[in-house]
Amino acid sequence: MELQEAAPPPEAKGAVLETPYGAVNVTLVGTPRPARPALLTFPDVGHTHESCCPLFAHHEMHEIVKNFLVVHVDPPGMEEGAPPYPAGYQYPSLEQLAEMIPCILQYLNIASIIGMGVGAGAFVLAKFGLLHPEAVEGLVLVNIDPHAKGWMDWAAHKLSGLTSSTTEMILAHLFTQEELAAAPPPVREGRERLGATPNAPLLWAMYNSRGDLGLERSGAGSLRCPVLLVVGDNSPHEDAVVECNAKLDPTQTSFLKMADGGGQPQLTQPAKLTEAFKYFVQGMGYIPHVLDRQRRVGSVAAAAMTRLSRSRTSSLGGAGAGEGGRGRSLSRGSAGGAPPAP
């Protein structure tokens, strides 16, 4: 299934909000809905919200957008056309970026969110979920690495810095080696965008000096909301996402590995991720009509998300339970046909 051509998107309204850690650009799409959370997105290093989450502007996503207020957050200085910060400027840490979100929500009078973050943005939203669980109803985390860099990682990063430019290191974070070698349009566009984003090295430095999220299945280190983990096969972050899956509550977590997803599945498989996102939101009790329609057409994503949902309630004594919940993962390539009968 491919996404249809984009229809005219809902009107977007931009605002610059002041926070204790600097000014942040916020783009609003849609209108607040009573008793519903907002959808909040946070992009990865080297992206703006438009380049990181273009699926929100497509026809297939309008069914969600019309039911929620969508809040796109660009990290400070990462919006298109942002001027460079002065030399010596102390860029906020990822933990501080997470603490900016309550300021945004308070200004916009938003009580809770469903968050979608990619890479560094996934880390920021997960940290926000740990700090403010009452404000997070669900999280879609793409390419999340919840760990701080160890000494070996730090040494490898320093060595790479001697032989590669910051732009090349960020591209290696975003894409697979095969994608970098083939240089498809997303890679070329990413390189061009990084060349026009003078502050990207500052966010990149903060990403590489991040602390550990300290995730646990229960207790203070647990995410207390439904979580959908997403990663592409052969992604630079595949192992990290698999390990993250093993650390989260299996009754609250679904793990979706997307065949042919590459390093940026939200760019390479937008239709499939859009469907998965719809089912995730529907599973939380919102827009139930989506499920009925997609069952009638027998979509692959319906099958995948139905099986993932069932796996949450199945006995943990089955195969895979001894591997920290990894048996619950489902590759896009393994799902097919119509969804199982309820």
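Not one N or O on the side chain of D233 forms a donor-acceptor pair closer than 3.5 Å with the backbone of K257. Checked by atom type and distance alone, the side chain of D74 pairs as donor or acceptor with a backbone atom of H49 at under 3.5 Å. Listed for the H237 side chain is no donor-acceptor partner under 3.5 Å among the backbone atoms of L174. The main-chain N or O of S222 is never found under 3.5 Å from a side-chain atom of D249 such that the two would form a donor-acceptor pair.
Closest heavy-atom contact between P76 and P92: CG-CG, 4.5 Å.
Applying the salt bridge (Lys or Arg N to Asp or Glu O under 4.0 Å) test to every pair with at least one member in residues 185-212, sequence neighbours left out, gives these pairs: D145-R210, E168-R191. Screening residues 258-267 for side chain to side chain donor-acceptor pair (under 3.5 Å), with sequence neighbours left out, gives H47-Q264, Q264-Q266. Within the structure, every pair that satisfies the side chain to side chain donor-acceptor pair (under 3.5 Å) test and touches residues 118-135, not counting sequence neighbours, is listed here: E99-H132.
Side-chain atoms of E137 and S112 form a donor-acceptor pair, as typed in the model, at a separation below 3.5 Å.
Taking the six-membered ring where the residue is Trp, Y286 and F68 present perpendicular rings, their angle passing 60° and hence far from 30°. Between Y89 and Y91, the ring-plane angle classifies as perpendicular under the 30° and 60° cut-offs.
Annotation for E216: atom CD counts as buried by contact number, over 12 foreign heavy atoms lying within 6.0 Å.
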